[in-house]
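The structure appears below as structure tokens.
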There are 2 protein chains.
Amino acid sequence: MDADVRRTVGTVSIRDVATRAGVSPGTISNVLNRPERVAPATRERVLRAISELGFVRHGSASTLRAGHSRTVGLSVMDIGNPFFTDIATGVEEAASELGYAVILGNSAGSRPKEERNLLVLAEQRVRGVLITPTDDDPARLDALRDRGIRVVLLDHPAHRPDQCSVTVNDVTGGWLAVSHLLERGARRIGYLTGPRTLRQCVDRGEGAARAVAAAGLDPDTILDPIETPAMTAKYGQQAAERLLASGRLPEAIFCANDLLAVGMLRGLLQAGVHVPGEVALIGYDDIDFAAASAVSLSSIRQPTHQLGRIATELLLDECDNPDTHAHQQVVFQPELVVRESTGGRRDPQPDEESR
Amino acid sequence: MDADVRRTVGTVSIRDVATRAGVSPGTISNVLNRPERVAPATRERVLRAISELGFVRHGSASTLRAGHSRTVGLSVMDIGNPFFTDIATGVEEAASELGYAVILGNSAGSRPKEERNLLVLAEQRVRGVLITPTDDDPARLDALRDRGIRVVLLDHPAHRPDQCSVTVNDVTGGWLAVSHLLERGARRIGYLTGPRTLRQCVDRGEGAARAVAAAGLDPDTILDPIETPAMTAKYGQQAAERLLASGRLPEAIFCANDLLAVGMLRGLLQAGVHVPGEVALIGYDDIDFAAASAVSLSSIRQPTHQLGRIATELLLDECDNPDTHAHQQVVFQPELVVRESTGGRRDPQPDEESR
DNA sequence: AACATTTGCTAACACGTTTTAATAGATGCA
DNA sequence: TGCATCTATTAAAACGTGTTAGCAAATGTT
């Protein structure tokens with residue numbers, strides 16, 4: 001009867017469960033949060049009442065009282081990029097294993113949008129935030145920390161020692177890519193990059209320059225940077241068109257990510273340019289489709305899924321074990337993958353367990 | 001002094017803002033939620049206090065008291081599939097425009113995982129849920145509705161009139177794909193499909209069969225289904241290997257999505273099979289990479305981004321205007337895109353605004 | 001048997017916001 | 001001036017959970 005009245009409201013509270021099980025609300029809370037403190041018999045009774053009434057804990061009430069939630073925020077630069085999707089998969093996986101929900105924010109590379117997203121996350125009182133920041137400014141991240149929201153940087157180095165981050169060495173990546181092009185004899189190399197405000201683009205370019213220098217050549221005459229407003233296939237293709245119009249095709253192009261490379265490839269092929277014969281091409285990220293594209297793409301592989309996973313584990317460790325937690329700056333090393341677009345075979349490593 | 005004590009706790013409450021602005025907490029709430037009810041002068045004062053103190057509204061407290069949150073849940077089957085990523089982009093865009101946050105859940109096609117995700121969403125008291133269900137069972141969706149959580153189905157028809165859904169006609173899609181293959185002369189057609197529990201797979205197969213029948217042929221002898229455990233490139237490639245081992249290659253293959261098609265294509269090319277010469281191939285979804293793959297893929301295009309956007313707008317309209325809201329079952333029509341893999345040109349529609 | 005300790009549970013307050021009914025002040029009308 | 005109406009604000013009561021201190025009963029110790 002009383003239960004029925006509540007039922008019409010549509011929601012079953014901890015109090016309803018309590019009366020049903022013949023105990024006090026506090027005991028229900030104990031069953032949920034510290035089951036060992038309650039006698040097996042009553043615990044059993046409470047659990048039965050919970051499932052009979054279809055009780056679902058009110059996350060907001062819980063968050064409000066406990067002072068922290070079971071959610072983390074994930075802010076990425078481009079959810080349309082498989083690189084970030086792979087990260088997101090790793091994050092979602094690790095988070096849900098530990099009972100956390102993930103709130104997704106897509107900054108689309110825009111600083112104001114990133115800020116709006118972070119505000120939403122702050123309002124939701126997420127336990128922590130995983131973020132691939134759009135620029136180097138640590139101010140808004142520090143602001144989050146001051147609010148008690150832990151921050152782990154994804155694909156961006158920490159700017160302070162008491163901060164976790166998970167990155168892949170992009171200088172090494174750029175070095176690997178361009179060394180490979182140089183080895184294949186290229187002496188005029190285009191660097192198709194996204195905005196220079198992105199650390200990834202700068203570092204990969206830096207690695208490229210070092211590789212040229214290490215070969216005893218002059219980066220300024222060998223390397224020819226082409227900047228695009230965003231790292232998408234569309235801009236890659238546009239860059240190809242401009243390059244073709246200029247009439248000065250380089251012998252090889254290092255693209256700062258695979259989307260740019262895919263676009264560039266499409267542009268070149270449409271114009272009848274042979275890849276790798278006339279222009280060799282190498283991308284970055286080794287997204288799944290790199291191996292499947294028109295001319296299979298050489299690329300720099302990153303442990304993307306791991307990146308998301310480990311960042312999440314670090315974050316949640318920091319949340320759940322604040323005292324034992326040791327801050328870490330994890331740095332992975334990237335790996336060169338050679339395919340057709342730089343003269344390799346279509347798919348050199350059929351490492352699937354076929355048959 | 002009192003304010004400072006609170007400051008150490010790390011969080012500024014509405015009460016702090018109130019004392020700072022010399023008004024009561026209720027007024028702050030009014031400024032935030034019904035600004036028109038408060039005099040311009042005080043409103044100004046309050047807003048200043050808010051920014052001076054760096055106040056951020058506590059979402060959980062708000063949700064608890066107001067009875068509803070400003071978040072929606074999004075449950076998709078495979079966040080690694082660009083089809084769903086595009087949907088997610090549309091959802092995120094529309095939601096953030098209306099001031100909602102998106103909680104992402106990836107069911108990975110697994111029913112139990114989907115259920116866990118829905119439980120989390122119920123705990124978070126999301127305002128509504130956008131879901132591409134893993135199967136046809138309406139029970140757990142009804143359970144959500146009973147809890148006051150609105151549900152809009154994404155890429156799945158509603159099973160009741162008072163329920164919104166946004167879909168694309170998959171029977172038509174299958175019909176388009178196979179009609180195209182028949183027109184090109186194929187008389188033995190493989191249908192590479194995901195699990196038959198997925199409505200999409202069944203409907204696309206149904207459309208395929210109808211196309212065959214409409215051509216005056218017998219579907220059972222023309223169409224040869226191959227089922228995979230999941231719609232990923234990996235399983236597509238495996239299917240290619242099995243097909244090759246069997247020695248009975250069809251003249252054409254209709255793949256239930258582009259990931260399967262990409263995998264199938266990779267498998268065929270590695271074995272030296274010419275596409276479309278020996279085997280023609282058509283996929284489904286027209287993901288970005290379809291146009292860029294080794295042999296550019298013919299496909300069935302869906303208005304993916306729109307799907308997410310419109311579903312979100314329907315959901316939030318249902319939430320924010322419950323009385324005026326009219327439930328809708330929106331059905332889009334898919335579109336055939338012909339490329340190399342069925343004998344078309346690489347990229348027949350360069351509709352980008354180049355230059 | 002008397003006391004100390006442990007175990008299992010309860011009562012009551014607190015978390016930060018929204019909302020309702022109520023109040024004080026300003027304004028309009030006669 | 002007196003009364004009604006309207007406007008701007010407030011006080012206080014929720015919302016559903018977590019937590020603390022404390023009580024009663026059960027158990028262990030001399």
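Computed from a predicted model, the values in this text were never measured in an experiment. Letters go in sequence order (proteins before strands), and every chain restarts at 1.
A:Ser107 places a side-chain N or O within donor-acceptor distance of the main-chain N or O of A:Val76, the cut-off being under 3.5 Å. Between the B:Gln124 side chain and the A:Gly59 main chain, no donor and acceptor come within less than 3.5 Å of each other. Looking at A:Thr134, its side chain never comes within 3.5 Å of a backbone N or O of A:Gly109 through a donor-acceptor pair.
Nearest to the side chain of A:Asn33, among C:dC9, D:dG18, C:dT18, sits D:dG18. Closest contact between the side chain of B:Ser24 and the listed nucleotides C:dT18, C:dT10, D:dT10 involves D:dT10. The side chain of A:Ala39 lies closest to C:dC9, out of C:dC9, D:dG18, C:dG16. Between D:dG18, D:dT17, D:dT10, one nucleotide has an atom nearer to the side chain of A:Ser13 than all others, and that is D:dT17. For B:Ile14, the side-chain atoms get nearest to C:dT17 when compared with the rest of C:dT17, D:dT17, D:dT19.
Note that CZ of B:Arg43 is 13.5 Å distant from CZ of B:Arg48, once rounded to the nearest 0.5 Å. In this structure, the separation between CZ on A:Arg127 and CZ on A:Arg125 is 13.5 Å, given to the nearest 0.5 Å.
Between B:Glu123 atom CD and D:dG16 atom P the separation is 15 Å, expressed in whole Å. When the C1' atom of C:dT17 is taken as reference, atom CZ of B:Arg15 falls 9 Å away, rounded to whole Å. In this entry the distance linking CD1 of B:Ile50 with P of C:dG16 reads 16 Å, nearest Å. The interatomic distance linking B:Arg147 (CZ) with D:dG16 (C1') rounds to 15 Å, in whole Å. Going from atom CG of B:Asn30 over to atom P of C:dT19 covers 9 Å, rounded to whole Å. Between the CD1 atom of B:Ile28 and the C1' atom of D:dA11 there is a distance of 15 Å, given to the nearest Å.
Near-neighbour residues of DNA chain D inside residues 58-70 of chain A, defined by a heavy atom below 4.0 Å, number-ordered: A:His58, A:Ala61, A:Ser62, A:Arg65.
Proximity of B:Arg34 to the phosphate of C:dT19: a side-chain N or O atom is located under 4.0 Å from OP1 or OP2. Here A:Thr27 reaches the OP1 or OP2 of C:dT10: one of its side-chain N or O atoms lies under 4.0 Å away.
The shortest distance between side-chain heavy atoms of B:Arg199 and B:Asp155 falls below 4.5 Å. In this structure, A:Tyr100 and A:Thr71 have side chains that are not in contact, with every pair of non-hydrogen atoms separated by 4.5 Å or more.
Judged by closest nucleotide on DNA chain D, B:Arg37 is the one of A:Phe55 and B:Arg37 placed further toward the 5' end. When the nearest nucleotides of DNA chain D are assigned to B:Gly26 and B:Arg125 by heavy-atom distance, the more 5′-ward of the two goes with B:Gly26.
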